[in-house]
2 protein chains.
Amino acid sequence: MGTEPALLPRRTPRVRGLALRDHLWLTSPAVDTHRHQAERRSRMVTSRDVARVAGVSQSTVSYVMSGRRSISAETRRRVEAAIEQLTYQPNAGARALASQRTQVIGLVVPFAPGADPAGLLPFIETIASCARAEDHDVLLVTADEGSSGLTRLAGRRLCDAIVMMDIGAEDARIPVAATLDVPVILIGVPDDSSGLQCVDVDFALAGRLAVAELAAAGHDRVVLIGYTAEVVERDINFVRRFQGGAADAAAELGLGHEVVAPVASGRAGAEDAVRRALELGGDRPGLVVPNSHVVPHVAQALLDRGLVLGRDVSLVGLCTDAAALACTPAVTNVSLEPRDVSRRAMQTLFQLLDRTAEPPSELVELVTPRLTRRETTLPAP
Amino acid sequence: MGTEPALLPRRTPRVRGLALRDHLWLTSPAVDTHRHQAERRSRMVTSRDVARVAGVSQSTVSYVMSGRRSISAETRRRVEAAIEQLTYQPNAGARALASQRTQVIGLVVPFAPGADPAGLLPFIETIASCARAEDHDVLLVTADEGSSGLTRLAGRRLCDAIVMMDIGAEDARIPVAATLDVPVILIGVPDDSSGLQCVDVDFALAGRLAVAELAAAGHDRVVLIGYTAEVVERDINFVRRFQGGAADAAAELGLGHEVVAPVASGRAGAEDAVRRALELGGDRPGLVVPNSHVVPHVAQALLDRGLVLGRDVSLVGLCTDAAALACTPAVTNVSLEPRDVSRRAMQTLFQLLDRTAEPPSELVELVTPRLTRRETTLPAP
DNA sequence: TTGAAAGCGCTAACAC
DNA sequence: GTGTTAGCGCTTTCAA
């Protein structure tokens with residue numbers, strides 16, 4: 001370390017107000033508490049400052065941080081000490097401008113109408129944490145912006161990649177997304193993905209698992225209590241896929257198979273659905289309820305009728321484990337595992353972003369759901 | 001318009017791959033669908049391109065977009081036409097670097113432990129939409145990053161301001177937040193806000209309103225069914241404020257006042273709480289339940305005991321209108337109105353960001369809650 | 001009312 | 001292994 005390295009004269013005179021920066025003493029960042037919010041921001045600590053303190057060039061600082069060049073131990077030590085001392089943090093805008101990478105992931109969340117609100121958070125949470133694990137941040141865009149949100153994210157170079165949730169079967173945003181020059185990952189599977197990566201639960205398999213469990217519980221008739229009109233209208237593909245899988249399994253296993261749909265939301269809707277299901281389902285029906293919100297209401301409605309779950313009637317929910325456990329009795333469920341889906345999506349995303357890695361081989365990745373037997377199904381003797 | 005303006009020779013030869021850009025024909029942005037995700041991003045359309053097409057200087061384009069300089073009608077028309085034609089969008093990083101403003105709001109959300117998950121979304125949603133209304137975006141940071149999330153947001157110049165939710169009474173992030181050189185808005189009120197702007201519901205008033213309603217319903221004894229141990233442990237200030245307001249009002253109105261707390265979560269917890277409340281509350285108690293999750297369970301527990309709500313016992317919830325309406329019967333409630341709080345916070349934020357406006361006069365802004373009489377209280381004759 | 005050009009803070013090519 | 005420097009695309013002076 002030793003003496004302050006000779007300062008290089010600026011190539012050109014500065015015009016801005018910060019022209020004096022090279023002559024200022026380097027002070028530690030603002031620590032005066034209780035100052036007023038409106039006070040102007042302090043001067044940034046730049047990588048030039050770090051370079052000067054460490055007695056190296058600015059590019060060396062950059063290379064120490066990025067690891068894209070081999071650095072001697074001594075130099076690295078000095079640079080890291082200077083970074084520490086100055087609490088240097090790189091300016092994100094400058095970095096993005098120079099490197100063409102923002103370290104930001106755009107996340108399009110379905111806030112708008114009809115979407116399941118509570119179920120959203122595990123997705124967002126997991127996506128955010130996966131992003132942070134790779135030193136990326138998450139920029140939130142709400143779905144009500146539609147396609148313009150996408151073009152803004154890409155056009156303004158606000159992010160390096162986009163994750164889009166709640167994909168409709170014929171989602172108007174897909175063709176737009178396909179023209180963007182950033183990778184887009186869909187959580188959900190549209191009819192035509194236009195070459196975009198998709199990640200979702202294998203809903204067809206989920207349907208099969210649910211029906212198989214009911215067969216194992218000795219039922220010869222299954223009733224699928226369908227989605228609410230809202231969900232069906234939004235035409236999310238998984239409804240069809242789940243019902244298809246359930247129907248296929250029922251056919252293969254030789255079970256009777258009925259669908260009660262659409263179902264009105266809320267307690268009353270569930271009660272009505274249960275009534276209809278029991279009419280259709282014979283004396284000992286197996287029920288499948290593919291909707292987190294509806295599961296507890298259906299369970300309650302069955303209890304209210306004096307039925308013993310797991311004996312008089314079996315129930316398999318398609319819902320998170322948490323929702324299944326929150327019911328009394330705990331409901332046998334096929335888990336949606338939003339965290340797994342999100343994690344998988346982010347894996348794929350970073351694979352796409354990593355130019356050294358080869359792109360994912362599958363365009364549509366389906367996460368295998370898991371059935372957990374709890375108190376509402378019993379294997380037949 | 002007319003002829004292409006003479007291009008100024010670049011001051012220096014270009015070294016990078018894009019050196020040829022000035023000689024390229026301007027093509028419309030990529031429209032070839034179905035190309036593979038991994039394909040490299042196309043060249044950006046820059047404000048220089050717009051300037052060339054419009055036959056003006058780059059600075060004129062900038063001034064047309066920012067409106068910070070008067071522009072002749074004809075020039076404006078040409079520039080806007082060029083922007084349209086090229087579907088130009090400004091590069092966010094470059095803009096941030098040059099202007100020292102990112103047009104991004106950092107949002108610290110309490111994903112980590114114990115926080116109410118579903119109640120979060122209205123906040124996030126409203127904050128995002130207010131931000132968009134001012135052409136800002138929202139960068140999500142999860143609370144589990146703690147203070148380092150804050151220093152990163154500010155240090156890397158990732159955002160112009162920070163909104164922080166779920167503030168504990170003695171929140172360790174507050175002193176850190178106070179040293180940042182971006183404005184920070186707290187949603188919630190800590191014991192010591194260190195000069196930071198706070199926005200929250202007036203929980204003391206909420207408590208008073210609830211008790212006053214029960215007094216009007218002819219009760220002479222109110223029982224407050226307290227928060228779960230979880231919430232109390234997190235030491236969020238509003239618990240104290242709400243209970244204080246309720247206690248004050250009860251004293252002023254000469255009502256008996258009891259608290260049942262903490263309450264175990266879930267159905268069983270609510271049943272137990274109701275049992276205790278009825279023991280304490282005499283023959284015709286007025287109940288206050290300050291927790292969205294607990295309200296429906298308490299209502300159910302009362303119904304299960306054959307009590308008629310609004311006659312044998314009154315119930316006032318502290319919860320969103322949606323939660324109150326979802327109960328049967330609909331619960332009289334003091335609304336938390338997360339949307340109002342968020343909107344107010346964002347108003348304050350943009351006021352802080354607008355250097356021409358004067359800063360807000362109040363450091364702590366309390367949003368007035370609203371009581372809506374529904375089916376679980378009846379005014380005494 | 002407009003244009004020229006400096007420079008925001010960083011990365012990465014090029015040189016040694 | 002390290003330094004020099006051009007330039008990323010924008011805003012904003014300064015000059016006219």
Side-chain angles (χ1 to χ4, degrees), chain A residues 5-6 8-19 21-22 43-51 54-76 78-79 88-103 155-157, chain B residues 5-19 21-22 43-52 54-76 78-79 88-103 155-157:
Chain A
L8 304 162
R10 292 286 299 173
R11 279 160 278 150
T12 51
R14 302 282 188 99
V15 253
R16 295 262 178 103
L18 297 179
R21 63 188 308 162
D22 288 344
R43 179 175 89 71
M44 222 187 154
V45 176
T46 72
S47 63
R48 290 189 80 232
D49 299 325
V50 175
V56 298
S57 74
Q58 197 180 16
S59 64
T60 296
V61 176
S62 175
Y63 286 120
V64 165
M65 297 198 73
S66 70
R68 297 165 103 85
R69 186 194 245 189
S70 55
I71 301 280
S72 74
E74 167 60 10
T75 300
R76 151 162 288 119
R78 292 218 313 270
V79 170
Y88 166 70
Q89 304 208 225
N91 180 303
R95 175 177 277 190
L97 182 57
S99 68
Q100 312 272 54
R101 305 177 94 288
T102 59
Q103 309 275 102
R156 295 192 175 186
R157 295 288 195 263
Chain B
L7 292 185
L8 303 162
R10 295 284 300 173
R11 279 160 277 152
T12 51
R14 303 279 189 100
V15 251
R16 294 256 180 108
L18 296 180
R21 64 188 309 163
D22 287 345
R43 180 175 89 70
M44 227 189 147
V45 176
T46 71
S47 64
R48 290 187 81 233
D49 300 325
V50 174
R52 196 178 316 120
V56 298
S57 73
Q58 197 181 20
S59 63
T60 297
V61 175
S62 176
Y63 285 121
V64 166
M65 298 198 71
S66 71
R68 296 165 104 83
R69 184 195 247 189
S70 54
I71 301 281
S72 74
E74 168 60 10
T75 300
R76 152 162 288 120
R78 291 217 315 267
V79 170
Y88 166 71
Q89 304 208 227
N91 180 303
R95 176 178 277 192
L97 182 57
S99 68
Q100 311 273 54
R101 306 179 94 283
T102 59
Q103 309 275 101
R156 295 193 175 185
R157 295 289 195 262

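The model shown is predicted, which means the values in this text are computed figures rather than measured ones. Throughout, a chain's letter reflects where its sequence line sits, starting with A, and its residues are numbered from 1. Values below: all heavy atoms of this structure, side chains included; hydrogens, waters and symmetry mates excluded.
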How long is the line joining CZ of A/Arg156 and P of D/dG9, in whole Å?
16 Å
Ignoring the backbone of A/Tyr88, work out which of C/dT2, C/dC10, D/dC10 is nearest its side chain.
C/dC10
Counting distance only, does the side-chain N/O of B/Arg78 pair as donor-acceptor with the main-chain N or O of B/Ala54 below 3.5 Å?
yes
Using a cut-off of strictly less than 4.0 Å, decide whether B/Ser70 has a side-chain nitrogen or oxygen near OP1 or OP2 of C/dT1.
yes
Hey, where does DNA chain D pair up into stems, meaning at least three consecutive Watson-Crick or G-U pairs with distances under 3.5 Å?
C:1-16 with D:1-16
Phosphate OP1/OP2 of D/dT2: any A/Thr75 side-chain N/O under 4.0 Å:
yes
Counting only side-chain N and O atoms of A/Ser72, is one of them less than 4.0 Å from OP1 or OP2 of D/dT2?
yes
Please give, in whole Å, the distance from C/dT11 P to A/Tyr63 OH?
10 Å
Ignoring backbone atoms, establish whether B/Thr60 has a side-chain N or O less than 4.0 Å from OP1 or OP2 of C/dG3.
yes
A/Thr60/A/Ser57 under side chain to side chain donor-acceptor pair (under 3.5 Å): CA gap, chis, key distance, verdict
CA-CA 5 Å; A/Thr60 296; A/Ser57 74; 3.2 Å; yes
Just to confirm, is there a sub-4.0 Å distance from OP1 or OP2 of C/dC10 to any side-chain nitrogen or oxygen of A/Ser59?
no
State which of D/dG9, C/dG9, D/dG3 makes the closest approach to the side chain of B/Thr46.
D/dG9
Could you work out which one of D/dT11, C/dG9, C/dT2 sits closest to the side chain of A/Met44?
C/dG9
Could a donor-acceptor pair under 3.5 angstrom be found where the side chain of B/Arg69 meets the base of C/dT2?
yes
